[in-house]
Colleague: 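Can you read through this structure? Questions will come right after.
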There are 2 protein chains.
Amino acid sequence: MAMPEAVRWGPGRRSVRIIDQRALPGALAELDLRTVDEACAAIRTLAVRGAPAIGIAAAMAFALAMGEHAPAPAETRAARARAIAGALRDTRPTAVNLGWALDRMLAVAADPRLAGDALRDALAREATAILDEDRAMCRRIGEHALTLFPVDARVATHCNAGALATGGIGTALAAVYLAAERGDRVRVFVDETRPLLQGSRLTAWELQQAGVDAVVIADSAAASVMRRGDVDLCIVGADRIAANGDVANKVGTYALAVAARHHGIPFYVAAPSSSFDPATPTGAGIVIEQRAADEIRRGFGSLTAPPAIPVYNPAFDVTPADLITAIVSDRGVHRPPFEFTAS
Amino acid sequence: MAMPEAVRWGPGRRSVRIIDQRALPGALAELDLRTVDEACAAIRTLAVRGAPAIGIAAAMAFALAMGEHAPAPAETRAARARAIAGALRDTRPTAVNLGWALDRMLAVAADPRLAGDALRDALAREATAILDEDRAMCRRIGEHALTLFPVDARVATHCNAGALATGGIGTALAAVYLAAERGDRVRVFVDETRPLLQGSRLTAWELQQAGVDAVVIADSAAASVMRRGDVDLCIVGADRIAANGDVANKVGTYALAVAARHHGIPFYVAAPSSSFDPATPTGAGIVIEQRAADEIRRGFGSLTAPPAIPVYNPAFDVTPADLITAIVSDRGVHRPPFEFTAS
């Protein structure tokens, strides 16, 4: 199965190499990010997106940038580390993995035993560890989620929680790939996911690359497909999971969960442990990023609404825990009532 | 209030003049349809759309085309009438108004007392009557629906069931316009309505023209807006209403109805009597038009999905009667259990 690598080291570990997801599905283009500014721009413009992938890219960019300051005095380094982490953290507010990955990098940067080459190496090792751990977590998430899949499952998903969103085989799509690997005829209904169409552009593309049967639908058609009896289960990713199991994910996830409940279809969320945020008690505490009105008003460069019409364009929504059948992480299948505490 | 005229006679009653809705919201362009072929193409490509407006345009196109055959012998006229009505009827299968309007025109064409100029005039009068009746029905629908609106109602709607879909002030939007007319601060959340964006392109445009507060949202954000407590009621149009109250309307209507039910928000359908189809017992008997995959794959002219990816693209869905709080027609407010019989 051909699995794209959303984020990895560039040659000689001198850049963060990403697939430029803005160019998909028209072109498979890679981009080398060499500076914090380039990394911030790539995250902000969604050249790299998906909560786990963002965390990995930010960690690598931090390692590269701090590596240059490794010879500097400790106070200078501390100031630089704060500035770099701050810039990367400010790119997108909702995904928790970004802050989690940067906190790990900051801890290494602040280690008083490290300086110079040793610091540079330790930073690179930590970023690589975050990538490798994510890869392993994806596979474990997939193995746990697969226990919830019937044979030849007919799956509905929203946005992209696949290989392109992670360092490995994805979160929500991991079980799909493992099902295909074991020979299932798995079929995925892919919500196109307006406004930025991560479903039709990215999920459909990577499923097709892997030879998995995918059917793209308008987001608002998902409920009809359920009513026809064509969906066995829904599975989506998460940008942040509150302590009580409320889940922030791409806008439209909540609508899908409501439709699944109405039709008695199980609704699963798959995410690495790094997406859990025990410090946030409920979904009400999650900051929802508001994005530009022109994502709606000018769909892909065309004028698709009156130029000055007001738009409400939240990037994410919160699905309350009571609509979620189970949350699958690398640690296993979590059933309600959810209570995620700091580990 | 500036109200666009979606369909009317051209100068000298020699054409069907429509607003070319494919050009909105970028340009307000009018188109004169002079032949059956031009009318069929306009209906098929959605230059004119909306169940009532399609019926009116088809009736007018029929009157123009049959007018030319008015001097012919009766058998020739009968054959032409069947061919013209057949071509117009085949353009779109789901809306019942199209067949209803053509049946009225066929009855006039088949009147053995009419020939020549008298037939031509009678055909034009019947098409004009269909237009005028639709205008009057819109207003009555609005008056009935307004009784269901709280003061300063916050309304959610899907697709376009406004002036652009009818000969008058719309069906679902009629009460919105009447509320604004009486001085309410009414606000409308407009689903953009993928794939063809009749919400963001047309509904938002006509509400803005009329000075009504409109906010465009991605279809999948409607459920979140409801969860925030920002919606008092939903109101949509209908392309066909079965005898039991099942409603065929733009794909996504069903998803909106499911979300409304989940949040305890009333869900209303507004339509003229001509959209009722007592001959179809339930929604299961309604033919759902399937549209081209490229409406999804090439959104707005850009490649928005892999070029060969399978797509499921129904133009409509069926909302079962049990999700509908009331159906509003020109005859009044119908409450469940619905039982629509031939009048």
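In what follows, every chain begins at residue 1, and chains take the letters A, B, ... in the order their sequences are listed.
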Colleague: Quick check on the interface: out of A:A255, A:S224, A:A222, A:A218, who has the most heavy-atom pairs with chain B under 4.5 Å?
Modeller: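 Sorted descending by pairs with chain B, the first entry is A:S224.
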Colleague: For atom CZ of B:R44, is the number of surrounding heavy atoms from other residues, nucleotides or ligands below 6.0 Å larger than 12?
Modeller: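 Enclosed.
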Colleague: Can you name the nearest heavy-atom pair linking A:A204 to B:P306, along with the distance?
Modeller: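 Closest approach of A:A204 to B:P306: CB-CD, 3.8 Å.
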Colleague: For B:R187, is it the side chain, the backbone, both, or neither that has a heavy atom closer than 4.5 Å to a heavy atom of chain A?
Modeller: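 Looking at B:R187, nothing touches chain A.
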Colleague: Pick from B:T253, B:I309, B:D213, B:I296: which one has the most heavy-atom pairs with chain A under 4.5 Å?
Modeller: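 With the most close heavy-atom pairs to chain A, the winner is B:I309.
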Colleague: Of all the heavy-atom pairs spanning A:H263 and B:V258, show the shortest one and how long it is.
Modeller: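 Shortest heavy-atom contact: CE1-CG2, 4.5 Å.
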Colleague: Please look at B:I288 and chain A and tell me whether the side chain, the backbone, both or neither of the residue comes under 4.5 angstrom of a heavy atom of that chain.
Modeller: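 When you check distances to chain A, no heavy atom of B:I288 falls under 4.5 Å.
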Colleague: How far does CG of A:L24 sit from OG1 of B:T304, to the nearest 0.5 angstrom?
Modeller: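 That separation rounds to 12.5 Å.
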Colleague: By side chain to side chain donor-acceptor pair (under 3.5 Å), which residues pair with A:T45, not counting sequence neighbours?
Modeller: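 Listed in chain order: A:R22.
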Colleague: To the nearest 0.5 Å, what is the distance between NE2 on A:H262 and OH on B:Y254?
Modeller: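 Those atoms lie 4.0 Å apart.
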Colleague: Rounded to the nearest 0.5 Å, how far does CG of B:D191 lie from OG of A:S220?
Modeller: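 Reported to 0.5 Å precision, the distance equals 7.5 Å.
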Colleague: Counting heavy-atom pairs under 4.5 Å with chain B, which one of A:A221, A:G299, A:G199 comes out on top?
Modeller: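 Sorted descending by pairs with chain B, the first entry is A:G299.
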Colleague: Going by residue number, which parts of residues 230-251 of chain B are within reach of chain A, meaning a heavy-atom gap below 4.5 Å?
Modeller: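 So the qualifying residues are B:V251.
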Colleague: Counting heavy-atom pairs closer than 4.5 Å to chain A, which one of B:V216, B:V225, B:T203 comes out on top?
Modeller: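 Max contact count across the listed options: B:V216.
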Colleague: Which residues in residues 310-321 of chain B have any heavy atom closer than 4.5 Å to a heavy atom of chain A?
Modeller: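 From residues 310-321 of chain B, the residues near chain A are B:P310, B:V311, B:Y312, B:D317, B:V318, B:P320.
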Colleague: So which residue, B:V215, B:L207, B:D219, B:L256, ends up with the most heavy-atom pairs under 4.5 Å with chain A?
Modeller: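 Option with the greatest count: B:V215.
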Colleague: Only counting residues at least two apart or in another chain, list the ones meeting ring pair (Phe, Tyr, Trp, His ring centres under 6.0 Å) with B:F189.
Modeller: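 In terms of ring pair (Phe, Tyr, Trp, His ring centres under 6.0 Å), with neighbours along the sequence ignored, B:F189 is linked to no residue.
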Colleague: I'd like to know which of A:R201, A:R297, A:R227 tops the heavy-atom pair count under 4.5 Å against chain B.
Modeller: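 If we count pairs closer than 4.5 Å to chain B, A:R227 comes out on top.
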Colleague: Side chain from CB out, backbone as N, CA, C, O: work out which of these in B:S302 comes under 4.5 Å of a heavy atom of chain A, or both, or neither.
Modeller: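 The side chain, not the backbone.
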Colleague: For A:R194 and B:E192: C-alpha separation, side-chain torsions, deciding distance, then whether side-chain contact (heavy atoms from CB on, under 4.5 Å) applies.
Modeller: CA-CA 10 Å; A:R194 275 286 282 158; B:E192 62 168 3; 2.6 Å; yes
